[in-house]
Amino acid sequence: MERLCGPELPFWVANETLHTDRPDLPECFQLSVLSWLPCIYLWAVCPIYLFYLKRNNRGYIMMSIKNRFKTVFGLLLWIVCWIDLFYTFHELRHGHSQPPIYFVTPLVLGMTMLLATFLIQFERLRGVQSSGVLFIFWFLSVLCAIVPFRSKILQASSQSEVTDKLRFTTFYFYFTLVVCELILCCFNEKPPLFSNVVTDPNPCPETTAGFLSRMTFWWFTSMAIKGYKMPLEAKDLWSLNQRDSSKAMVPTLLKEWEKEQAKAKSEQNQASQAVYSKPQPSTTNHVTGGVGGGESSPEEVEVLLSNQKAASRQPSFLRALIKAFGPYFLIGSGFKLLQDLITFVNPQLLRMLISFTKQKGVPDWWGYTLAFLMFFTAFLQTLILHHHFQYCFVTGMNVRTAVIGAIYRKALAITNAAKRSTTVGEVVNLMSVDAQRFMDLTTFLNMLWSAPFQIMLALFFLWQNLGASVLAGVAVMIMLIPFNAVIAMKTRAYQVEQMQYKDSRIKLMNEILNGIKVLKLYAWEDSFKEKVLAIRQKELNVLRKTAYLGALSTMAWTSAPFLVALTTFAVYVYVDETHVLDAEKAFVSLSLFNILRFPLNMLPQVISSIVQASVSLKRVQGFLSHDELDPNSVDRKNTATGVHLLFYYISDFMRLFLKRVNSDYVLYSINMMVPQGSLLAVVGHVGCGKSSLISALLGEMEKLEGDISIRGSVAYVPQQAWIQNATLRDNILFGKPYNEQKYRCVLEACALTPDLEVLPGGDMTEIGEKGINLSGGQRQRVSLARALYSDADVYLLDDPLSAVDAHVSKHIFDNLIGPEGVLKGKTRILVTHGISFLPQVDNIMVMVEGRVSEMGSYQELLKQNGAFAEFLRNYTLEDIIEEDEATGRVYSLSPFYRQISIISADGEGTRSRSVRRHGCSQRKHGEPQEKKKPHEMEKLIQAETAETGRVKTKVYLEYAKAVGPLLSVVICLLYGCQSGAAIGANIWLSQWTNDATRNQTKENVNMRVGVYAALGIAQGILVLISSFTLAMGNMSAARKLHHNLLTNKLHTPQSFFDTTPIGRIINRFSKDIYVIDEALPATVLMFLGTFFVSLSTMIVIISSTPIFAVVIAPLAFIYIFVQRFYVATSRQLKRLESVSRSPIYSHFSETITGSSVIRAYGRHSAFVLMSDMKVDENQKSYYPSIVSNRWLGVRIEFIGNCIVLFAALFAVTGKESLNPGLVGLSVSYALQLLKKISLSQILCLCSQAPWDVEDKKPLPEWPMEGNVQFYNYSVRYREGLDLVLKNLTLDIKGGEKIGIVGRTGAGKSSMTLCLFRLLEAAAGEITIDKVKIAEIGLHDLRSKLTIIPQEPVLFSGTLRMNLDPFEKYSDEEVWKALEHSDLHKFVSNHPAKLELECSEGGENLSVGQRQLVCLARALLRKTKILILDEATAAIDLETDDLIQSTIRTQFENCTVFTIAHRLNTIMDYTRVLVLDKGQIAEFDTPTNLISQRGIFYGMAKDAGLVQ
């Protein structure tokens, strides 16, 4: 330095700086170090920063006034610096030679100012609105210039005049300009031209926020204020940043995952070729996947073997994740490293502070400097830590977005086999729970390297402090590690087990909610409730074990730092007589031990969270590795020119997993060709493979050999209509543009026009999940309309006419499908059970057990005299006889043009009549026409409302009540005692350290160590007890809350399920129960912990420095103020987030059920987009809630830092009166203080009539006769809707057979629902055998009635369970019921017999078989009153006949209500009830009604039953 500054200017003078009350730095130091520091910084950062700017171009910013000022000031600074330089040259010429430093410094400064000016302009061109690099540079410059600023004034005041006038002036010029630059740098430039900020309606202010605002998260304040003033709504949320959206995230992950898969595949191919030279024959319908079963040929076996060997290398999803999200995450890791280093500065400062209080006669400014330094490092640490968290959380959020997107895309493409191996519930869990696990892990992941790093640093400083005694403490730590590891291992095992229970519980809940109506009708809720509670009980047992382990580990890590401190101090004192434990050693060590505590707690947590995530990783990876449908299994060359040939050559080809479980083929050697524009009918018995044929054409089946080719686009109508939760119009358009004229034609052809007049919002009516508010017939017609509107080349119609009535199906056939219909000239394949249409089709294909038995035109087949002719003869004859009996007259054109099609929905009058008589929709009621404006359209599915305002104290009280009031109080007391013990131990320690100052260390070492140990061990035991009690309390709360929620949901009236998407209820059962099981206990633990820590901190600091109480009041006020702001906003954000989460899952489960329809229409990408939008919508509320935590963290920790500052300042001011022990105690306590407060989520509940009413219980044998009376009975679906049935009065004698007919929505189904009290009376009453049904319990009523419902619902479980869940009946009775319902053959041929497993929703039985199972249920119950609701939806004629005859024989003396679809089934009934618009139109015997020539006569005429 001497060479630079010369001998006159010394670099460092201790007496001038440290040991004086007016310190000043020497001029040489000022000119070199202080001037060069900012310059070195800027030149060092510059290359990296320029590279970054070259890579990231955001568009340029127009020159603004601010920018011009910045540039001008920069140039002025350069000029000012060089004036100094030239002045030095000038002096040199005049013989005043200055030391070299006067040349070097101005030169360096001038160059740096030029660089800064260049950067200002370059940033403008690259679209940087606020520069962090320059801000730090100007800030450093100002900071370094403050010292010369003060020292120049001091010098001037001590001397009479200023010696170096020019340099004095230029310096103050320089100082002013630098301050101006700093101020200008705080403000933002305008956003760059053409950036998306300009176009976005509600952009996130983060993108345009300044550097300071970003560092302190100030940009979030606007939302915090808004949320404080009024509850936030979805429209207040900012749009998602472009880089966080699904559009950016999902492709990045998928790209990496595809690379992984390709790599794995190529390795596998090499491996398999190494084992066997024969390549694998790619005949399957899969992209990857095994070879078909059956008699496999030798080479197939070989391939199977080689597959097993090569399968070891699976594509790694983890690697894909790391490649996609690693780089961004590393920035966060960089912040973490900085923070770890800064953490250790404070204990060093604390040491200096304590030694400062011990010394006498030291200048006071030392103490103040230390206090401010402590504050500054703590503040810096806060900022850095929260930026680390921000990066981690955003990475987590991105991972979740990408994983959900990947799973959704995969679910649309997997094969049926794969689909059966994972239930909808499991996949929803992959999306909700497993994606969440990844998200939780990213926040901790850095601890994996940071924890060991912190531990090593802490040990290094401890060693310096206490020497080898530290090893004793380390030994204790090392002993605790295996203990924690064992606990973590056990916890992991339990975690996996609990996930399995949870999966099966959610799966069961999903089924229960899907079949809730059936459960209510059969009064089966109890049996299913028991099943759920049994699973829940197992889940709770596992949870309890986990909780107890948790309590142990909590004890371990609360006591760990203390045990370490105890052993270290004890060893330190006993090892050597000369060792004295003074305040400096004790409290610096304690603060280091406190730092140690965090990584030590975190390590086991991180490890267990990694373990959980690895379980999730395997699950997700497994799902994403499933086989996909091969898009090329059906050859679809869209040849626009030439003949449209739907050409078929399928030989020996398919096995479909979906139908018969793995055992046999479904379709054999089918060869067929359908000429372009022809209509092919496919007929056959139930379960002969008709639907499978359609699936094969769509490429949904696994093709073993042969080819399928289809020319042109395809439209598909499935057997069970799939309806989205959207408006009716959206369901029909299905993504095609709206064309008024075409749309009207479609509605007309599908007979939907009259229905629209009935629906409350016309075609803009919103349709519930699964089409809940449409009747079966309407759903099927909407499905047809969708196909027609799509205007495809090939139509695959899977039995679309079975769900509508005779005349409607005739209308649809004539206007739509038939030779004269709208579709003539298109290729149509129609699966049907209706005979009457067969003469009009071009070709008929008869299927028997998966083979084609005959094929040809109607006439040809009759001539062949095969199975088909036989089948026809039986039927037509029977019908003629039936009619003869019924009407005495036969319609001339007898057999064929009469409609016997099996149809389910409702007797809908033909078009001509329907205009006069539109009834009223089944679930929604028409308002008078003039009111029906679109904006009054009633939303069926209520949007999930987020509760606003505070989490009501009631909720916490509810939770406390569930825990148990006494237990709650005990827990709080235990926590109080535990904190008391901890404070006691530390105060004792501070007394002990003061012995050192009084030189009494020798005599009472034993007593000091003993009491310290006793207090600490007491604390450990209290922790253990309080954790155990808390765990017990949480368990009982979890049990009660789930039990209440479940009981409640099963008691909820049907109307709730019609208006609530299942996804939302499932969300309650999966996510919210998870919160109660796992998240809430943790939150309570944290809350109690932090509350008592803060309390004890306050007590300790105030007791040692009473003046501190003055500061606490304003700090506490600020704290509460910030907290209020935060809680209001954050709570709303959390709620918005959980509200926007449900739609992701409900959309997802809807997509899975309709995947074949979505694929057939090629709407794959549109649905993916919809899902992405829903995920983005959800992240839109999640992102601000992350930031809100950072925002709060920075502000609260700032208050904590103020506490540190004041504790230190008061320690400095009260230096004389305080002893070092107390200083150490109060400051080290202040350093600990950080707090978090968490919120809970709420379960909303509704109620229904009681299941059993004790004092009104009917006699066990009631009803004896089966008389049913309706008296002035009216009913409506929900409050505020019109009446569905108006003033019905009827009297039905026991044993009568009543047929109920009427148009769609005339109230037929509603009438049967009333008997079961799924709808409660609005007026009037129903009595059965003189008992008023409104007065008895629901179960008593429902268990005495039997219904065969419109849609057959089965639950997963054995067949036996599906017939008799309470196991009331013997096996013989069950077999007998099966025999009567024609299932005997099917079941007895199956190896499992009655234990045959039905899959979710009964997927492995055909629709017809499911319907027969429902019949068997009815036969088993054998009650006095039977209701048939359109029960023959999907059954071929023979089976239908069988059912009718079974009902006639088995239920001979029962009262039977049949909602008729085919009039000939009710022609021999005692009486027929005709409903119209909810009122009785006619009620008499069929013969009388026909002779009256009223409505019934018209319907019979349409059906061809009378002339």
Side-chain angles (χ1 to χ4, degrees), residues 202-207 209 213-224 226-227 232 234 236-246 248-249 325 328-329 331-333 335-336 339 382-404 432 435-447 609 946 1071 1075 1079 1082-1083 1086 1122-1123 1125-1141 1144 1175-1197 1234-1239 1241:
N202 194 3
C204 179
E206 183 189 10
T207 43
S213 161
R214 272 195 181 174
M215 287 315 287
T216 56
F217 297 95
W218 186 261
W219 54 271
F220 181 79
T221 312
S222 63
M223 184 171 279
K226 193 185 255 177
L232 288 172
D236 301 327
L237 298 174
W238 300 314
S239 341
L240 204 57
N241 293 337
Q242 203 50 47
R243 68 164 302 280
D244 296 329
S245 64
S246 301
M249 281 299 126
F325 304 108
Y328 185 77
F329 185 70
I331 304 176
S333 310
F335 277 117
K336 182 78 182 124
Q339 191 250 339
T382 298
L383 288 185
I384 290 176
L385 178 68
H386 285 286
H387 274 274
H388 155 243
F389 275 140
Q390 176 72 357
Y391 275 101
C392 291
F393 272 107
V394 171
T395 312
M397 177 175 115
N398 293 341
V399 168
R400 177 170 173 247
T401 303
V403 169
I404 290 181
S432 55
Q436 192 70 37
R437 287 256 168 89
F438 288 136
M439 198 148 129
D440 298 341
L441 177 66
T442 49
T443 46
F444 295 139
L445 200 52
N446 278 318
M447 289 306 295
S609 135
K1071 189 67 192 172
V1075 169
T1083 311
M1086 300 267 300
V1122 171
Q1123 191 76 345
F1125 258 100
Y1126 162 76
V1127 168
T1129 308
S1130 146
R1131 188 186 315 113
Q1132 271 332 95
L1133 287 170
K1134 285 235 168 61
R1135 285 185 182 147
L1136 284 172
E1137 196 265 328
S1138 77
V1139 164
S1140 63
R1141 188 192 289 122
I1144 301 177
V1175 174
D1176 286 350
E1177 202 52 45
N1178 178 239
Q1179 301 293 33
K1180 236 166 81 169
S1181 48
Y1182 178 71
Y1183 184 67
S1185 79
I1186 302 176
V1187 178
S1188 72
N1189 289 335
R1190 303 285 74 79
W1191 181 85
L1192 174 79
V1194 169
R1195 278 145 194 71
I1196 294 290
E1197 284 181 31
L1234 282 175
K1235 49 175 66 176
K1236 302 177 185 71
I1237 281 183
S1238 302
L1239 307 159
Q1241 232 227 353

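Hydrogens, waters and symmetry mates play no part in the numbers below; they use all other heavy atoms, side chains included. Numbering starts at 1 and runs along the sequence shown.
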Which atom names give the shortest non-hydrogen contact between Ser222 and Trp238, and what distance separates them?
OG-CZ2, 3.7 Å
Counting only N and O atoms by type, is there a donor-acceptor contact under 3.5 Å from the side chain of Arg1195 to the main-chain atoms of Thr216?
yes
Spacing of Ile1144 atom CD1 and Ser432 atom OG [to the nearest 0.5 Å]:
10.0 Å
Go through the steps for Lys226 and Leu232 under the test side-chain contact (heavy atoms from CB on, under 4.5 Å), then give the verdict.
CA-CA 7 Å; Lys226 193 185 255 177; Leu232 288 172; 4.1 Å; yes
Rounded distance [0.5 Å steps], CG in Asp244 versus CD in Gln1179
8.0 Å
Please report the interatomic distance OG(Ser1181) to CG(Asp1176), rounded to the nearest 0.5 Å.
11.0 Å
Pairwise distance CZ(Arg400) to CZ(Phe438) - rounded to 0.5 angstrom
13.0 Å
List the steps and the verdict of side-chain contact (heavy atoms from CB on, under 4.5 Å) for Arg243 and Tyr328.
CA-CA 11 Å; Arg243 68 164 302 280; Tyr328 185 77; 3.7 Å; yes
Kindly give the heavy-atom pair with the smallest separation between Ser1188 and Ser1130, and that separation in Å.
OG-CB, 3.9 Å
Sub-4.5 Å side-chain heavy-atom contact between Val1187 and Glu206
no
Nearest-0.5 Å distance that lies between atom CG in Leu385 and atom NZ in Lys336:
6.0 Å
Minimal heavy-atom distance between Ala435 and Ile404, with the atoms involved, is CB-CG1, 4.2 Å
With sequence neighbours left out, what residues match Phe217 under ring-ring contact (aromatic ring centres under 6.0 Å, His included)?
His387
Close side-chain approach of Thr1129 to Trp1191, heavy-atom, < 4.5 Å:
no
Minimum heavy-atom separation for Gly396 to Thr442, with atom names?
CA-OG1, 3.1 Å
Quick one: side chains of residues 388-395, donor-acceptor pairs under 3.5 Å with protein atoms, not counting sequence neighbours, listed by atom name and distance.
residue : atom : partner : partner atom : Å
His388  : NE2  : Asn446  : ND2          : 3.1
Gln390  : NE2  : Tyr1183 : OH           : 3.4
Thr395  : OG1  : Tyr391  : O            : 2.7

Which pair of non-hydrogen atoms, one from Cys204 and one from Asn241, has the smallest distance, and what is that distance?
CB-OD1, 3.5 Å
Quick one, Glu1137 and Leu237 - any side-chain contact, counting heavy atoms below 4.5 Å?
no
Atom CE in Met397, atom OG in Ser1185: separation rounded to 0.5 Å?
9.5 Å
Would you say the side chain of Asp440 lies within less than 4.5 Å of the side chain of Gln436, judging by non-hydrogen atoms?
yes
With a 4.5 Å heavy-atom cut-off, do Ile1186 and Arg1190 have their side chains touching?
yes
Phe325 vs Met249, test: side-chain contact (heavy atoms from CB on, under 4.5 Å). Steps then yes/no.
CA-CA 9 Å; Phe325 304 108; Met249 281 299 126; 3.3 Å; yes
